K.L.:
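Structure incoming, see below.
This is a predicted model, so every value here is computed, not measured.
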Amino acid sequence: MSVKLRPLEKKDQQEMHDLVQAGLKERWGDEYNPTYNKDLDDIYGYYVERLQCSVAVLEHPEQGLIGCGVLIPLPAKDEFGTWQARSKTDADEAIVEHAKNEDPDPDVKKCRMVRVSVNCAHRGHGHAKSIVKYLMDAARSRGFHKIIVETSTPWTTAVKLYESLRYTIVDANEENVHFEYLL
């Protein structure tokens with residue numbers, strides 16, 4: 001069966017919420033706290049209406065949404081503290097500060113890719129790569145020059161995904177890997 005990549009519609013909110021929450025629960029196990037991810041409470045309102053994001057969903061004709069991803073135009077305020085690294089050490093603080101100030105040129109339009117997730121039963125078929133490429137195309141069409149991505153260092157499949165698409169590691173520590181892609 002073929003799947004369809006398309007923009008998020010308001011009716012998709014609960015399915016995307018459940019998809020992302022399931023992936024986070026799988027990833028973080030006992031450390032998982034569903035109340036931490038307030039950005040998922042109103043995905044369409046927060047990401048599409050307020051932040052003017054491109055939000056992609058991957059739909060299976062029989063199983064509904066099986067994947068998703070978000071592209072956030074920068075600068076944007078991380079109101080809920082869910083998609084930007086939290087400082088735990090001086091080194092982490094320097095990384096976060098670097099991400100905020102890396103391009104003093106105001107003509108460089110940046111965006112951040114977040115919430116890329118694929119249902120565990122559908123992994124290993126290139127769906128995450130398709131979602132990321134779709135969002136890369138959206139970034140190009142919106143005139144962005146750089147995509148910024150952060151993922152957890154232990155999440156090796158995510159790290160390998162971005163490396164396979166030629167994203168450049170700009171900083172890394174035992175907790176997070178920071179990538180960028182020049183369009």
K.L.:
Just to verify, which of Met16, Met113, Arg112 counts as forming a side-chain contact (heavy atoms from CB on, under 4.5 Å) with Val70?
P.N.:
Met16
K.L.:
Looking at Lys25 and Glu31, is any side-chain nitrogen of the basic one under 4.0 Å from a carboxylate oxygen of the acidic one?
P.N.:
no
K.L.:
If you take all heavy atoms of Val159 and Thr153, which pair is closest and at what distance?
P.N.:
CG2-O, 4.1 Å
K.L.:
Do Cys120 and Glu26 have side chains that approach each other closer than 4.5 Å (heavy atoms only, starting at C-beta)?
P.N.:
yes
K.L.:
With the threshold set at 4.0 Å, does a side-chain nitrogen-carboxylate oxygen contact exist between Glu79 and Arg50?
P.N.:
yes
K.L.:
Should Glu15 and Glu59 count as side-chain neighbours, where that means a heavy-atom distance under 4.5 Å?
P.N.:
no
K.L.:
How many angstroms lie between OH in Tyr181 and CG in Leu135, if you round to the nearest 0.5 Å?
P.N.:
13.5 Å
K.L.:
Which pair of heavy atoms, one from Met136 and one from Leu183, lies closest together, and at what distance?
P.N.:
O-CD2, 4.3 Å
K.L.:
Does any part of the side chain of Lys160, heavy atoms only, come nearer than 4.5 Å to the side chain of Thr157, both counted from C-beta?
P.N.:
no
K.L.:
For the pair Glu163 and Arg166, find out whether any cationic side-chain nitrogen is under 4.0 Å from an anionic carboxylate oxygen.
P.N.:
no
K.L.:
With sequence neighbours left out, what residues match Lys10 under side chain to side chain contact (heavy atoms under 4.5 Å, CB included)?
P.N.:
Gln13, Tyr44, Glu49
K.L.:
Can you tell me how far apart OH (Tyr47) and CG (Leu40) are? Round to the nearest 0.5 Å.
P.N.:
6.5 Å
K.L.:
Any idea which heavy atoms bring Gln21 and Asn37 closest together, and the distance?
P.N.:
OE1-ND2, 3.8 Å
K.L.:
Might you point out which heavy atoms bring Asp12 and Pro7 nearest each other, and give the distance in Å?
P.N.:
OD2-O, 4.3 Å
K.L.:
Quick one, Pro73 and Cys53 - any side-chain contact, counting heavy atoms below 4.5 Å?
P.N.:
yes
K.L.:
First locate atom OG1 of Thr168, then atom NE2 of His178, and finally report the distance between them rounded to the nearest 0.5 Å.
P.N.:
14.5 Å
K.L.:
Is there a donor-acceptor pair closer than 3.5 Å between any side-chain N or O of Thr151 and the backbone N or O of Val177?
P.N.:
no
K.L.:
Start with the C-alpha distance between Asp39 and Arg115, add both sets of side-chain angles, then the distance that settles side-chain contact (heavy atoms from CB on, under 4.5 Å), and finish with yes or no.
P.N.:
CA-CA 10 Å; Asp39 62 313; Arg115 298 299 190 203; 2.8 Å; yes
K.L.:
Does atom NZ of Lys11 have more than 12 heavy-atom neighbours, drawn from other residues, nucleotides or ligands, at distances under 6.0 Å?
P.N.:
yes
K.L.:
Measure the spacing between CD1 of Ile147 and CD1 of Ile72 and express it to the nearest 0.5 Å.
P.N.:
12.5 Å
K.L.:
Atom OH of Tyr134 and atom CG of Leu5: how far apart are they, to the nearest 0.5 Å?
P.N.:
6.5 Å
K.L.:
Can you tell me how far CG of Leu65 sits from CG of Leu58, rounded to the nearest 0.5 angstrom?
P.N.:
8.5 Å
K.L.:
Would a hydrophobic clustering, with Ile, Leu, Val, Met, Phe, Trp and Tyr connected at side-chain separations under 4.5 Å, put Leu24 with Leu19?
P.N.:
no
K.L.:
List for me each residue that meets side chain to side chain contact (heavy atoms under 4.5 Å, CB included) alongside Pro75, sequence neighbours excluded, and say none if there are none.
P.N.:
none
K.L.:
Could you tell me whether the side chain of His145 reaches within less than 4.5 Å of the side chain of Lys110, counting heavy atoms only?
P.N.:
no
K.L.:
Within the distance-only criterion (no hydrogens, no angle test), does the side chain of His125 pair as donor or acceptor with the backbone N or O of His127 below 3.5 angstrom?
P.N.:
no
K.L.:
Does the distance from a Lys or Arg side-chain N to an Asp or Glu carboxylate O, for Arg142 and Asp137, drop under 4.0 Å?
P.N.:
no
K.L.:
Shortest non-hydrogen contact from Pro154 to Arg27?
P.N.:
CB-NH2, 3.2 Å
K.L.:
Given side chains that start at C-beta, do those of Arg6 and Val57 come closer than 4.5 Å, heavy atoms only?
P.N.:
yes
K.L.:
If you define the side chain from C-beta out and look only at heavy atoms, does anything of Leu8 sit under 4.5 Å from Cys68?
P.N.:
no
K.L.:
Work out which heavy atom in Cys111 is nearest to a heavy atom in Ala139; give both atom names and the distance.
P.N.:
SG-CB, 4.0 Å
K.L.:
Consider side-chain contact (heavy atoms from CB on, under 4.5 Å). Of Leu161, Val149, Leu71, which one does Val132 pass it with?
P.N.:
Leu161
K.L.:
For the pair Lys146 and Glu180, find out whether any cationic side-chain nitrogen is under 4.0 Å from an anionic carboxylate oxygen.
P.N.:
yes
K.L.:
What residue pairs, at least two apart or across chains, pass ring pair (Phe, Tyr, Trp, His ring centres under 6.0 Å) with a residue in residues 9-35?
P.N.:
none
K.L.:
Angle class for the Tyr167/Tyr162 ring planes (parallel below 30°, perpendicular above 60°, tilted otherwise)?
P.N.:
perpendicular
